[in-house]
Amino acid sequence: MGPRIVLDTCVLVAALRSRRGASFRIVSLVGRGHFEFCLSVPLMVEYEAAAKRHSRKLGLTYEDIDDVLDYLCRVGIHREVHFLWRPCLRDPGDDLVLELAVESESTYLVTHNVRDFTGAEKFGINVIHPKEFLRVIGELSP
C-alpha cells in the first residue's frame, strides 16, 4: 500500500468540477491501492456541504454527490479525532482537515491551498498540490 493521505475539500470539489485535472485523477484512484485515503465524520460533512452547495455549477444532482460520498466512505479508512488544536491554522475551518491528517498519521495532506496549511509541517505533515502528489505516487511523469 502507498502513502496515507487526507484530501482537502477543494480537491474533491475540483474533481467533481472537471474530469481533466489532477484532482479528478486522485479521486478516481481512491480505493485502488495507490494510497490509503483517510476520512472522518466532520470531513465527510464538509465534503457533502461543499459539493451540494456547488451542485448546480457542477451539473450534478444531490444523488450523484451522495453516490460519490458513499463510495469514499466504503473504501476510506475511517478515523475518529479525539483531540483538537484549534485554532492552529489561519482559517479555523481548515483545522479539521489538519487534525485528521495528524490523527491518522498521514504522510500527505493534498490541497490546492498549500499556504492555508502553513504550520502543518510542525506535525510532520507534508502539504502538497494534487499534481505533485500524482508525481510522488508515479501517476504523472516528472
Side-chain angles (χ1 to χ4, degrees), residues 1-55 57-86 88-142:
M1 186 56 78
R4 185 170 286 180
I5 71 165
V6 172
L7 296 177
D8 191 12
T9 307
C10 62
V11 175
L12 176 66
V13 172
L16 295 172
R17 183 173 286 130
S18 170
R19 293 176 169 246
R20 296 181 147 195
S23 296
F24 180 81
R25 181 72 181 138
I26 292 170
V27 172
S28 70
L29 290 172
V30 169
R32 296 191 179 187
H34 298 277
F35 52 85
E36 295 179 336
F37 166 70
C38 297
L39 56 93
S40 65
V41 171
L43 185 57
M44 289 305 297
V45 169
E46 183 174 295
Y47 282 174
E48 180 179 31
K52 288 183 176 179
R53 185 172 54 250
H54 297 289
S55 63
K57 287 185 229 171
L58 299 171
L60 298 171
T61 66
Y62 281 10
E63 187 176 275
D64 295 332
I65 292 166
D66 288 341
D67 289 344
V68 171
L69 297 177
D70 288 347
Y71 174 75
L72 294 176
C73 285
R74 272 195 312 277
V75 301
I77 299 170
H78 299 253
R79 305 299 293 225
E80 290 185 39
V81 178
H82 296 286
F83 48 86
L84 304 175
W85 296 293
R86 298 176 191 199
C88 184
L89 301 172
R90 264 187 324 166
D91 179 356
D94 290 329
D95 283 334
L96 68 96
V97 182
L98 176 59
E99 289 164 352
L100 173 60
V102 172
E103 191 286 329
S104 64
E105 298 178 347
S106 290
T107 308
Y108 297 101
L109 189 160
V110 183
T111 183
H112 290 285
N113 306 316
V114 171
R115 286 186 296 178
D116 289 351
F117 290 92
T118 299
E121 63 281 352
K122 68 184 168 191
F123 296 103
I125 305 298
N126 299 298
V127 181
I128 190 169
H129 286 96
K131 203 176 246 188
E132 291 175 67
F133 181 68
L134 287 175
R135 284 190 186 100
V136 167
I137 63 170
E139 287 294 315
L140 191 65
S141 1

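Note that these values count all heavy atoms, side chains included, but never hydrogens, waters or copies made by symmetry.
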Open item on the list: So, taking the atom named CG in L100 and the one named CD in E105, what distance separates them when rounded to the nearest 0.5 Å?
Closed with: 12.0 Å
Open item on the list: Could you work out, with side chain to side chain contact (heavy atoms under 4.5 Å, CB included) as the rule, every residue matching V41, not counting sequence neighbours?
Closed with: V45
Task: Nearest atoms (heavy-atom pairs only) where M44 meets C73 - done: CE-SG, 3.4 Å
Task: CD-CD distance between E103 and E80, expressed to the nearest 0.5 angstrom - done: 8.5 Å
- [ ] State which residues pass side chain to side chain contact (heavy atoms under 4.5 Å, CB included) with K52; sequence neighbours excluded, sorted by chain then number.
- [x] E48, Y62, I65, D66
Open item on the list: As an exercise, state the distance from CZ of R74 to CG of L69, rounded to the nearest 0.5 Å.
Closed with: 11.0 Å
Task: Approximate separation, where rounding is to 0.5 Å, of I77 CD1 and S40 OG - done: 13.0 Å
Open item on the list: Around atom CD of E63, are there more than 12 heavy atoms from other residues, nucleotides or ligands closer than 6.0 Å?
Closed with: no
Open item on the list: So does D67 get a backbone contact from the side chain of D70, meaning a donor-acceptor N/O pair under 3.5 Å?
Closed with: no
TODO: Under the side chain to side chain contact (heavy atoms under 4.5 Å, CB included) rule, collect the residues that match up with N113, sequence neighbours excluded.
DONE: D8, C10, T111, D116
Task: Qualifying residues under side chain to side chain contact (heavy atoms under 4.5 Å, CB included), relative to A50, sequence neighbours excluded - done: T9, V13, R53
Open item on the list: Minimum heavy-atom separation for S104 and A101, please, with both atom names.
Closed with: OG-O, 3.3 Å
Open item on the list: Tell me the closest heavy-atom pair linking Y108 and V136, and the distance in Å.
Closed with: OH-CG1, 3.4 Å
TODO: Please tell me if the side chains of Y47 and L7 come closer than 4.5 Å, counting only heavy atoms from C-beta onward.
DONE: yes
Task: Separation between CG of L98 and CZ of F123, rounded to the nearest 0.5 Å - done: 5.5 Å
TODO: Output, in order, the C-alpha distance, side-chain angles, deciding distance and verdict of side chain to side chain contact (heavy atoms under 4.5 Å, CB included) for I137 and L29.
DONE: CA-CA 11 Å; I137 63 170; L29 290 172; 4.0 Å; yes
Open item on the list: Tell me the closest heavy-atom pair linking L39 and L72, and the distance in Å.
Closed with: CD2-O, 3.2 Å
Task: Pair listing, salt bridge (Lys or Arg N to Asp or Glu O under 4.0 Å) test, anchored in residues 19-38, at least two apart - done: R4-E36, R25-E139
Let me check something: any side-chain donor-acceptor pairs from residues 125-134 under 3.5 Å, sequence neighbours excluded? List them with distances.
from	atom 1	to	atom 2	distance (Å)
N126	ND2	T107	O	3.1
H129	ND1	E132	OE2	2.9

Open item on the list: Within the structure provided, determine whether V27 and L16 are in side-chain contact (heavy-atom separation under 4.5 Å).
Closed with: no
Task: Separation between NE2 of H34 and CD1 of I5, rounded to the nearest 0.5 Å - done: 11.5 Å
